[in-house]
Student: 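Here you go, one structure.
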Amino acid sequence: MPLSWNEIRTRAISFVKEWEGESRERAEKDSFWNDFFNVFGISRRRVATFEEPVKKLNNNYGFIDLFWKGKLLIEHKSKGKDLSKAYTQALEYFEGLKERELPKYILVSDFERFKLYDLDNRNEKEFTLNEFVDNIHLFGFIAGYEKRVIEDEAPVNIEAAEKMGFLHDKLKEVGYEGYDLEVLLVRLLFCLFADDTGIFNTGIFQEYIDLHTKEDGSDLAMHIAQIFQTLDTPIERRQKNLDENLNQFPYVNGELFTDNIRIAHFDSEMRELVLEAGAMDWGEISPAIFGSMFQAAMNPKERRNLGAHYTSEKNIMKVIKPLFLDDLWEEFNKLRKTVKTLQAFHNKIASLNFLDPACGSGNFLIITYRELRLLEIEVVKALLKIQFKGLNADFTTVPLQSFLKVSITQFYGIEIDEFASKVAEVGMWLIEHQINEQLSLEFGQNIINLPLKGVANITNANALRIDWDEVVRKEELSYIIGNPPFYGQSLQTIEQKKDLESVCAELSGSGILDFVAGWFVKAADFIQNSMIEVGFVSTNSITQGEQVGILWNRLVNQLGIKINFAHRTFNWSNKAKGNAAVHVVIIGFAIVDKEKKFLFDYSDIKGEPTIIQAKQINAYLLDAKNCLVVRRKYPISEIPKIKRGNSAYDGGNLIFQDEEELTSFLTKEPDSKEFIKPLIGAKEFLNNKKRWCLWLKDANPSKLRRLKFVLERVNNVRKFRENSKGKETQKYASTPTLFRDLNNPETYIVFPRVSSERRRYIPFGFFDKSSIVADSCLFAPNANIYHFGVLTSEMHMSWVKCVSGRLKSDFRYSKDIVYNNFPFPKFISDSQKRKIENAAQIVLETRKQFPENSLADLYDPIAMPPNLVKAHQALDKAVDKCYRKAPFKNERERIEFLFELYEEYTAPLLKS
């Protein structure tokens with residue numbers, strides 16, 4: 001265990017006194033360095049003198065004066081010699097060292113002067129022996145103290161996870177797998193981290209493996225087992241003749257090393273992997289994200305893109321800051337002036353309990369614990385400054401640990417994957433130690449919680465099946481946080497569907513819900529009659545489209561939850577290449593209705609949000625009344641019904657994908673031309689692409705029989721349908737000349753079912769019976785220019801943005817949710833209607849001015865032609881005036897107005 005900074009400083013003063021003055025003239029190199037390392041509580045024997053010659057850059061050989069593998073290389077020169085030459089000589093030895101042996105620091109000295117080179121940070125510092133005490137902090141890495149910046153995106157996180165993943169693969173290849181392998185890797189993870197962060201004396205685990213095990217790895221398992229056993233044995237219960245190299249390991253407790261596991265048999269390659277992993281600086285690794293990477297690294301496929309497998313700290317903070325952290329800091333800043341108020345606040349934060357019911361490897365719990373501890377540090381500093389004024393803010397003599405109250409025992413998790421739950425437990429210990437390291441540096445004391453006295457309460461169970469009250473009593477819980485699984489309906493396994501059904505049995509239509517909805521329902525049930533607040537990340541689909549009416553009717557209307565803050569749709573990702581970008585929302589809710597509510601709105605889903613203070617946040621994450629739009633078979637306004645386009649069910653035989661295929665076919669079968677029609681799908685409509693189809697409805701049988709190549713395609717359709725696994729497809733085998741659907745009205749408006757969310761308007765268009773609409777579009781038969789005008793307006797687009805489902809972030813236009821529920825203006829005059837029709841006609845005419853451009857080109861938000869923009873603005877104005885005289889200031893006003901209109905239109909329907 002490292003010495004405290006006080007003790008190191010005291011020893012440093014003695015060291016300087018011992019070696020200053022005349023004693024330097026009689027100096028012996030070995031004695032000097034023995035005393036130097038004793039300052040930091042490190043035995044000189046741990047820093048070896050290289051007795052074997054080392055090959056240098058110039059192919060000559062030399063002897064390193066002192067060398068601590070992977071840590072420090074020392075070159076000592078006679079008094080007055082050039083230290084820069086000593087540094088150059090030290091660098092020359094790198095050629096003869098293994099990668100994992102390369103030092104992070106070089107120290108050169110001549111008794112009188114020191115020069116320390118930090119190779120990672122490219123810093124250097126020169127000082128005299130008399131200045132040694134003032135520069136003692138530079139040598140914190142020897143004692144086990146280092147001031148580090150822990151970064152999410154640091155490559156060391158991925159590299160470390162990869163090393164452990166490769167070791168996992170090698171052990172699994174020889175038959176060492178399952179629970180034993182998982183426990184072994186978690187224990188190794190702890191030891192590697194402990195080796196670099198002062199839990200162990202610095203480097204003793206790496207040193208033991210390097211010096212006391214055979215290079216072929218044959219005895220490595222035995223020695224690792226002995227280390228684990230030693231770590232699980234209290235000092236007073238250890239055998240008196242225990243090897244001193246083992247006895248230097250501390251007693252850990254925490255039951256991490258208690259379970260007996262099978263002995264793993266290592267080889268030279270596995271031993272080298274352990275040593276390579278140990279040579280990394282594990283103090284730079286973030287426990288918050290490493291767990292997710294570590295878990296993913298056990299899967300060779302996922303290991304290829306490890307950067308995708310973690311939730312960034314920035315995104316976790318988006319949940320916990322508005323949920324509780326911002327309020328706690330605000331409260332602390334108001335109360336920090338008196339001991340009484342500070343102590344009460346300190347007791348408060350030490351009494352808060354947190355649950356993550358889908359905790360994975362613990363990243364949410366780890367960051368939350370860290371932030372609570374950082375707040376506690378500020379509380380303790382404020383208390384000490386008031387209580388110990390006479391110390392002039394020198395806290396080195398204060399019994400600091402007696403002031404610390406926040407504990408990892410305040411944190412609870414539920415995780416279905418056993419390995420992940422073990423990683424989460426260890427991750428909580430690691431972040432606890434990192435915070436203690438920070439305290440040690442800041443207060444000049446050595447704060448290490450060994451033996452481990454507290455454990456994060458991680459339960460290995462199915463969160464949707466277990467009673468959460470068995471994990472943590474509801475009366476004791478303060479906050480529920482997390483990032484539950486995101487599986488959509490089509491991606492859920494049979495077991496997951498059953499799990500979801502177990503909590504959503506009372507929700508009619510729950511079969512379409514995303515898996516994450518189960519956690520929302522379970523949490524809302526659990527927090528009844530309590531002050532517990534919840535902050536969950538979710539796919540944005542639960543706030544859009546059909547899912548809203550199903551899920552939020554239960555949450556809001558039946559369980560009475562209130563949304564107190566929300567992040568609207570944004571990109572949930574990290575900075576790693578190929579990261580797992582998902583479009584998500586964050587929702588903070590409770591039974592308690594907070595006075596201050598906040599919406600975080602993203603004009604750019606990859607950018608930063610604008611914060612809006614809201615009066616009420618509804619299920620669509622809008623500052624508006626709680627009004628739920630549900631599926632309807634028929635429009636609430638007097639407008640044409642719309643239908644889905646024609647599905648072929650043809651195996652590609654009735655469709656020509658491009659002009660080349662069509663031309664080739666017509667060359668062989670020119671008489672089939674009368675049966676070929678343009679096929680209009682979303683891609684064709686928006687991008688000016690061309691496809692055609694064989695439309696054989698009402699075809700004369702005698703003509704058809706003469707068309708050999710048409711019949712060949714028809715026969716292929718029949719075979720495709722007969723051989724299909726789908727019964728729906730099979731039943732159409734008896735009519736192979738026809739599409740499944742036979743919709744071909746005289747005129748109609750086409751609606752692409754999916755359209756880019758970047759567009760200000762979804763392009764709609766008119767077609768007639770000479771074209772066939774495909775199933776990637778919807779269509780409104782016999783709709784007129786007035787309907788087109790209203791549907792193409794900003795008013796309708798505001799409705800689409802709010803209630804439509806999404807494919808990623810793109811609009812998914814639907815009949816039953818979007819179109820049928822849209823409130824068209826009522827009681828408009830003929831004059832108003834004509835203005836809309838005229839403005840809509842100008843939009844269509846303006847489009848025709850750009851025949852070489854696709855609708856995707858024309859409606860690109862940047863490239864949209866100014867005259868088309870102007871035409872749409874005139875149409876928007878005409879449509880707005882049909883709803884009310886006063887102009888709408890913004891989209892929020894439009895949505896609030898439309899929801900009020902929707903309630904008015906649907907009230908009679910609800911009554912009936």
Student: Determine whether the aromatic ring centres of F788 and Y786 lie less than 6.0 Å apart.
Tutor: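 Judged by ring-centre distance (under 6.0 Å), F788 and Y786 do not meet the cut-off.
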
Student: Taking atom types as modelled, is there a side-chain donor on N462 or D499 under 3.5 Å from an acceptor on the other?
Tutor: yes

Student: Is it the case that the side chains of Q841 and E837 hold a donor-acceptor pair, with the cut-off being a distance below 3.5 Å and no angle test?
Tutor: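 No, no side-chain donor-acceptor contact under 3.5 Å.
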
Student: Identify the residue among E684, Q657, R691 that makes a side-chain contact (heavy atoms from CB on, under 4.5 Å) with L679.
Tutor: R691

Student: Would you say the side-chain atoms of D816 and S814 include a donor-acceptor pair closer than 3.5 Å?
Tutor: no

Student: Aromatic contact between F656 and F665, with the criterion being ring centroids under 6.0 Å apart: yes or no?
Tutor: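 Yes, they do, as the ring centres are separated by less than 6.0 Å.
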
Student: Mind checking salt bridge (charged side-chain N to carboxylate O under 4.0 Å, His left out) for D671 and listing every partner two or more places apart, or none if nothing turns up?
Tutor: none

Student: Quick check, are the ring centers of F899 and W799 under 6.0 angstrom apart?
Tutor: yes

Student: Give me the one residue out of L778, V818, I749, L791 that meets side-chain contact (heavy atoms from CB on, under 4.5 Å) with I642.
Tutor: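 Passing option: L778.
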
Student: Under the salt bridge (charged side-chain N to carboxylate O under 4.0 Å, His left out) test, which residues partner D857, sequence neighbours left out?
Tutor: none

Student: Distance only, no hydrogens: is a donor on one side chain within 3.5 Å (strictly under) of an acceptor on the other, for N744 and K677?
Tutor: yes

Student: Can we call the ring centroids of H872 and Y859 under 6.0 Å apart?
Tutor: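 Judged by ring-centre distance (under 6.0 Å), H872 and Y859 do meet the cut-off.
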
Student: Please check if any side-chain donor atom of S793 sits under 3.5 Å from a side-chain acceptor atom of D876, or the reverse.
Tutor: no

Student: Below 6.0 angstrom between ring centroids: does that apply to Y649 and F720?
Tutor: no

